Amino acid sequence: MKEEYQRVFDAIAGIPPGRVASYGAIAARAGLPGRARLVGRLLGEVPDGMQLPWFRVLRSSGEIAMPAGSRGFREQCRLLRAEGVEVENGRVPLSRFGLDADVDRELWGLP
DNA sequence: AGAATGACAATGC
DNA sequence: GGCATTGCCATTC
């Protein structure tokens, strides 16, 4: 596995419970700005049951990035709600649960 | 090599 | 907020 991939996994694992982050944010946190798609590709190949909070990763708009109604979709909603995250119509209000620059700094100690 | 595809994103209307 | 465009990266045909 490439270094980059590992860093992405770390970044995802670094999302605190009850919070969500966008693909772009993860990529950036992993030191791979502009590689949001890479993140998405990795998550797609992560087997279910793997110890990774993949469900905390959403699109920049806050919506779940899979076909509504699909198995993974429901699973993601369930897991998120289990952590206290509001999921309304397959979407999460990033204004409250999303990691923004401020939280990011406080949490991960970025400059 | 060239084109299409995908759990994406930023910008402009 | 929706829709189209453009940029991106890795993989697969």
Side-chain angles (χ1 to χ4, degrees):
Chain A
M1 177 92 46
K2 288 201 169 196
E3 251 284 322
E4 278 70 8
Y5 292 27
Q6 189 55 55
R7 292 226 300 278
V8 172
F9 287 134
D10 285 347
I12 296 175
I15 306 173
R19 288 278 185 170
V20 296
S22 70
Y23 288 82
I26 293 301
R29 178 63 186 80
L32 305 167
R35 286 131 186 94
R37 286 190 105 134
L38 174 62
V39 177
R41 204 183 67 66
L42 284 194
L43 290 186
E45 99 167 42
V46 172
D48 292 10
M50 176 184 229
Q51 203 54 44
L52 186 77
W54 56 271
F55 52 87
R56 294 182 193 146
V57 186
L58 310 173
R59 291 194 191 179
S60 58
S61 50
E63 17 181 359
I64 290 175
M66 350 182 186
S70 69
R71 182 172 145 307
F73 177 93
R74 278 183 315 228
E75 190 67 354
Q76 183 159 17
C77 291
R78 191 177 63 73
L79 290 167
L80 285 175
R81 281 200 270 256
E83 289 192 342
V85 176
E86 278 183 39
V87 183
E88 194 69 33
N89 193 354
R91 191 170 77 193
V92 171
L94 292 181
S95 50
R96 276 181 292 165
F97 301 100
L99 288 174
D100 39 39
D102 312 314
V103 183
D104 195 339
R105 235 184 308 103
E106 296 177 15
L107 220 52
W108 292 332
L110 291 181

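Everything numeric in this text was worked out from a predicted model, so none of it was measured. Chain naming here is simple, since letters A, B, ... match the order of the sequence lines and numbering starts at 1 in each. Keep in mind that the numbers below use all heavy atoms, side chains included, and drop hydrogens, waters and symmetry copies.
Distance, I26(A) CD1 to dA7(B) C1': 13 Å, rounded to whole Å. Atoms CG (L42(A)) and P (dC8(C)) sit 20 Å apart, rounded to a whole Å. We find that CZ of R7(A) is positioned 15 Å from P of dC9(C), with the value rounded to whole Å. Rounding to whole angstrom units, CZ of residue R35(A) and P of dA10(B) are separated by 14 Å. Taking atom CG of L79(A) as the reference point, atom C1' of dA7(B) lies 15 Å away to the nearest angstrom. The distance from atom CZ of R29(A) to atom P of dC8(B) is 22 Å, rounded to the nearest whole Å. Protein atom CD of E4(A) is 18 Å distant from nucleotide atom P of dC8(C), rounded to whole Å. Taking atom CG on L58(A) and atom P on dA9(B), their separation rounds to 9 Å, with Å as the unit.
Contact annotation for S22(A): backbone-only contact, meaning every heavy-atom pair under 4.0 Å involves sugar-phosphate atoms and none involves a base. Within the 4.0 angstrom heavy-atom criterion, only backbone atoms of the sugar-phosphate kind lie near G24(A); the bases stay farther away. Residue contacts shown for R37(A) include a base, since a base heavy atom lies under 4.0 Å away. Heavy atoms of L38(A) sit under 4.0 angstrom from primed sugar atoms or phosphate atoms, though from no base atom.
One finds no salt bridge joining E75(A) and R71(A) here, because no Lys/Arg side-chain nitrogen approaches an Asp/Glu carboxylate oxygen to under 4.0 Å. For the pair R35(A) and E4(A), the salt-bridge criterion is not met [side-chain N within less than 4.0 Å of a carboxylate O].
A pairwise comparison of heavy atoms in P67(A) and S70(A) identifies O-OG, 2.9 Å as the closest pair.
In the set dA7(B), dA9(B), dC9(C), the nucleotide with an atom closest to the side chain of Q76(A) is dA7(B). Here the side chain of R91(A) is nearest to one of dC8(B), dA7(B), dG1(C), namely dG1(C). Distance from the side chain of M66(A) is smallest to dA7(B) among dC8(B), dA10(C), dA7(B). Listed nucleotides: dC8(B), dA10(B), dG1(C). Nearest to the side chain of A65(A): dC8(B).
Across all strands shown, the partner of dT12(C) is dA3(B), judged by Watson-Crick or G-U wobble contacts whose two distances both fall under 3.5 Å.
Across the C1' atoms, dT12(C) and dA1(B) are found 14 Å apart, a figure rounded to whole Å. Using atom C1' as the reference point in both dA7(B) and dC13(C), the two lie 22 Å apart (nearest Å).
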Check the pair R41(A) / Y5(A) against side-chain contact (heavy atoms from CB on, under 4.5 Å), numbers first and verdict last. CA-CA 10 Å; R41(A) 204 183 67 66; Y5(A) 292 27; 3.1 Å; yes
Apply side-chain contact (heavy atoms from CB on, under 4.5 Å) to L58(A) and Q76(A), showing your working. CA-CA 10 Å; L58(A) 310 173; Q76(A) 183 159 17; 3.5 Å; yes
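In this model, a side-chain donor or acceptor of Y23(A) finds a partner on the base of dA7(B) within 3.5 Å.
For dT11(C), one of the phosphate oxygens OP1 or OP2 lies less than 4.0 angstrom from a side-chain nitrogen or oxygen of R41(A).
In this structure, the separation between CD on E88(A) and SG on C77(A) is 10.0 Å, given to the nearest 0.5 Å.
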